[in-house]
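Numbering of ligands and ligand atoms starts at 1, following listing order. The structure presented is a predicted model; accordingly, all values stated were derived computationally and were not measured.
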Amino acid sequence: MENENFYNRRKFLSSSAKGLLIAGLASSEILTSCSPGKKVTLEKSMATGFDQTPLPYSYSALEDVIDALTMEIHYTKHAAGYSKNLKEAAAAEGVPAGTSVEEILAKVSKYSTKMRNNAGGHFNHELFWKTMRPKRSNNVPQGALATAIDGAFTSFEGFKLQFANAAGSRFGSGWAWLILDRNNSLKIVSTPNQDNPIMDVAEVKGMPVFGLDVWEHAYYLKYQNKRADYISRWWEVANWDYIQNRYEQLIKI
Ligand code: MN
């Protein structure tokens with residue numbers, strides 16, 4: 001198929017590779033269920049549901065990189081709105097119960113603009129909250145992710161420069177992403193509005209390892225027009241434990 005999406009391709013590659021079954025199942029679990037009542041594998045637990053999950057820290061926990069008022073408005077107003085509107089769109093457009101947000105995103109061109117904006121917005125923010133934690137010094141990736149970053153971008157410093165360039169040069173509202181593409185290569189991309197690289201309409205497709213929100217609502221109270229300052233300070237609150245774990249799960253799919 002012309003527009004074979006990332007998930008189908010990955011599922012095909014996994015199940016046709018010499019082993020199995022288990023790899024194929026694991027990837028389909030991400031697609032088919034995020035129901036908390038069912039048996040949850042680590043892979044399945046990565047699938048995103050339609051409700052907001054609780055913020056894993058207080059609104060003030062990311063001070064002074066991201067201020068408490070920004071966090072509160074961002075979580076309780078902006079992100080809450082995406083979740084609410086996603087649920088409305090899903091009901092109106094006949095999305096079956098138990099569908100993950102990732103499944104919708106992978107064929108988002110078949111849905112409305114409301115679905116695109118809000119399924120995207122909800123997924124992006126659910127991931128964003130988890131990839132932050134209270135700031136710490138010398139906050140750098142470790143392990144397999146650190147090795148992969150060095151391989152793809154020469155060094156962590158080189159990676160941060162390229163990432164900052166993608167985030168800083170995104171015109172208007174959008175996101176910068178570190179993704180795993182179809183070949184399991186790390187790439188830096190950016191998307192407009194609430195789009196993301198899982199979408200079948202994305203220019204470069206892949207699975208987000210993490211993303212940085214560069215909408216003005218994410219930083220304007222503290223940084224005003226100085227987006228570059230927000231980007232350069234964000235690394236202090238990056239939750240590398242979460243991001244590394246996500247990377248290690250994604251490369252197995
Ligand atoms: Mn946002």
Exercise. When you check the side-chain N and O atoms of His122 and Asn85, is any donor under 3.5 Å from an acceptor?
Worked result: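 Not at all, the side chains of His122 and Asn85 share no donor-acceptor pair under 3.5 Å.
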Problem set entry | Atom CD of Glu72: over 12 foreign heavy atoms under 6.0 Å |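 It does: Glu72 CD has more than 12 such atoms within range.
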Problem set entry | Side chain proximity check, Met115 to Leu86, heavy atoms < 4.5 angstrom |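 Heavy-atom side-chain distance check passes, below 4.5 Å.
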Exercise. Which N/O/S atom belongs to Asp213 and is the closest one to the Mn ion (ligand 1)?
Worked result: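 Atom name of the closest N, O or S in Asp213: OD2.
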For this session: Check all N, O or S atoms of His74 and name the one closest to the Mn ion (ligand 1).
Result: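 In His74, the heteroatom (N, O or S) nearest the Mn ion (ligand 1) is NE2.
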Exercise. Do you see an N/O/S atom of His217, backbone or side chain, under 2.8 Å from the Mn ion (ligand 1)?
Worked result: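 Within the cut-off used here (under 2.8 Å), His217 does place an N, O or S atom near the Mn ion (ligand 1).
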Exercise. So among Phe210, Trp177, Phe153, which one has a ring pair (Phe, Tyr, Trp, His ring centres under 6.0 Å) with Phe163?
Worked result: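 Testing each of Phe210, Trp177, Phe153 against Phe163, the sole residue satisfying ring pair (Phe, Tyr, Trp, His ring centres under 6.0 Å) is Phe210.
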